[in-house]
Amino acid sequence: MPELPEVETIRAGLEPVLVGQTVTEVHIRQAQLRYLIPGDLPPILRGQKIMALQRRAKYLLLQMEQGIVLIHLGMSGSLRFVSTDQPPERHDHVDFVLDHGILRYRDPRRFGLVLWHPACADPHRLLQHLGPEPLGDEFTSAYLCNKAQGSKRAIKNFIMDSQVVVGVGNIYANEALFLARIHPLRLAGTLSMHEWKELQRNIVAVLHAGIKAGGTTLQDFVNGSGKPGYFQQQLLVYGRDKAPCPVCGEELHKEVIGQRSSWFCPVCQR
DNA sequence: AAATTCTCCTGAAGGC
DNA sequence: TGCCTTCAGGAGAATT
């Protein structure tokens with residue numbers, strides 16, 4: 001499931017391959033994703049050159065000459081650069097045919113999106129109201145503490161809220177809270193400054209570690225070249241039902257919080 | 001108004 | 001073996 005490290009892995013891998021290539025054709029086999037892919041996407045993109053591949057939150061922004069192709073991978077999406085003779089498989093919904101190959105979008109569960117946003121002053125509505133990037137300068141413990149003033153939400157829900165900070169999905173939220181030794185059900189408004197510092201530091205650390213490992217491949221994540229990531233080998237609590245806590249040995253506890261599976265150590269995390 | 005719940009979808013896993 | 005049920009999950013939309 002692509003979280004920020006996975007999306008960044010894809011972006012960094014594809015950008016040098018894609019920039020400078022021109023779209024010659026777009027094939028849409030399945031337009032019904034989270035939102036319907038606009039039917040005029042092929043004629044709009046035809047002939048446009050790719051200027052950059054950027055990322056905001058978990059959105060990939062394919063910068064074209066006349067606007068942006070907004071791409072989200074949902075939870076099962078992948079974006080790969082393949083040769084022109086590679087036939088599409090099941091769930092390969094969109095092909096962007098380029099000068100030297102095909103940029104192929106696959107998404108079995110179709111929670112992702114592919115949208116066109118013409119160049120203009122306004123950012124796309126889906127990009128408004130997003131919180132700061134977790135790997136940027138704005139994401140500080142002071143910011144978090146201030147943002148959480150009076151909040152009675154569980155801290156896990158708080159840090160997974162994209163209006164608070166973007167890109168922290170379920171896997172990395174579990175890991176960061178464990179490393180920071182904070183119980184996922186603690187109310188956001190009750191954390192001490194020391195705890196905010198630990199949490200901020202560990203969110204950054206776990207995301208960096210994820211990027212360094214090339215992402216987390218649980219079922220189907222692959223990067224722009226079709227290769228899996230390896231961060232799953234470093235997961236300390238996520239998905240580890242009844243495993244011993246790697247720190248104290250106590251049995252890890254699983255609980256659904258905000259409709260998301262959560263694992264934590266009832267002894268270490270307070 | 002903040003916080004929670006619903007919703008889209010498919011594949012994997014579990015039960016019988 | 002196979003059919004049926006359950007569940008996971010990003011995040012915007014709807015609801016409380």
Side-chain angles (χ1 to χ4, degrees), chain A residues 1-11 28-37 55-61 70-79 88-94 105-115 117 123-134 144 146-176 184-190 203 207 210 215-222 228-229 231-232 235 237-242 254-263:
Chain A
M1 47 210 74
E3 295 197 26
L4 187 145
E6 290 72 35
V7 177
E8 180 57 28
T9 296
I10 289 171
R11 190 208 65 76
I28 301 172
R29 299 181 198 83
Q30 169 61 269
Q32 192 68 59
L33 305 180
R34 163 175 277 280
Y35 302 106
L36 193 68
I37 300 176
R55 179 187 62 75
R56 173 73 173 107
K58 297 177 193 169
Y59 291 95
L60 285 165
L61 311 175
L70 203 64
I71 299 173
H72 197 289
L73 300 175
M75 66 157 290
S76 62
S78 62
L79 198 60
E89 296 176 17
R90 189 165 151 77
H91 305 307
D92 285 341
H93 304 316
V94 185
Y105 177 89
R106 174 186 304 188
D107 187 3
R109 295 184 192 179
R110 295 197 260 144
F111 278 11
L113 60 85
V114 175
L115 295 174
H117 186 59
H124 193 280
R125 66 177 180 89
L126 293 173
L127 303 183
Q128 297 174 350
H129 317 298
L130 288 177
E133 289 286 331
L144 284 172
N146 182 264
K147 187 86 174 173
Q149 285 297 321
S151 172
K152 293 179 178 172
R153 308 173 71 186
I155 184 62
K156 180 158 181 279
N157 294 340
F158 181 77
I159 61 171
M160 289 180 68
D161 184 341
S162 64
Q163 301 210 28
V164 173
V165 58
V166 301
V168 182
N170 198 31
I171 295 175
Y172 295 93
N174 273 288
E175 296 298 302
L185 285 175
R186 279 280 301 284
L187 302 188
T190 69
I203 287 173
L207 291 175
T216 301
T217 297
L218 290 182
Q219 289 164 20
D220 45 20
F221 169 74
V222 290
F231 191 67
Q232 66 276 10
L235 296 178
V237 293
Y238 181 87
R240 305 190 62 219
D241 273 53
K242 295 180 178 174
K254 179 187 176 184
E255 187 169 332
V256 175
I257 300 173
Q259 297 174 311
R260 295 286 177 281
S261 295
S262 309
W263 290 266

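Here the structure is a predicted model, which is why all the values come from computation and not from measurement. What's counted below: heavy atoms across the whole structure, side chains too, no hydrogens, waters or symmetry copies. Below, read A as the first sequence line, B as the second, and so on, with proteins coming before strands; counting in each chain starts at 1.
Atom-to-atom, CZ of A/Arg260 to C1' of C/dG10 comes out at 7 Å; the value is rounded to the nearest Å. Counting to the nearest Å, the C1' atom of C/dG12 and the NE2 atom of A/His124 are 12 Å from each other. Whole-Å rounding puts the A/Leu187 CG to B/dA2 C1' distance at 14 Å. Atoms CD (A/Glu255) and C1' (C/dA8) sit 17 Å apart, rounded to a whole Å. Between the CD atom of A/Gln30 and the P atom of B/dT10 there is a distance of 8 Å, given to the nearest Å. Between the C1' atom of C/dA11 and the CD atom of A/Gln128 lies a distance of 16 Å, rounded to the nearest Å. Atom CG of A/Leu70 is separated from atom P of C/dG10 by 18 Å (rounded to the nearest Å).
Of all the residues in residues 157-170 of chain A, A/Ser162, A/Asn170 reach under 4.0 Å from DNA chain C with at least one non-hydrogen atom.
Between the side chain of A/Arg125 and the base of C/dG12, no donor-acceptor pair under 3.5 Å is found. With hydrogens and angles ignored, no donor-acceptor pair closer than 3.5 Å exists between the side chain of A/Arg109 and the base of B/dA12.
Base engagement by A/Arg34 is indicated by at least one non-hydrogen atom pair under 4.0 Å involving a base atom. Using a 4.0 Å heavy-atom cutoff across all strands shown, A/Leu126 reaches sugar-phosphate atoms only and no base atom.
Under 3.5 Å, the side chains of A/Asp161 and A/Asn157 contain no donor-acceptor pair of N or O atoms.
Taking for each of A/Gln259 and A/Arg153 the nucleotide of DNA chain B with the nearest heavy atom, the 5'-most of the two is the partner of A/Arg153.
Put simply, A/Phe111 does not rest on the base of C/dA11: the two rings are not both less than 5.5 Å apart at their centres and under 30° in tilt.
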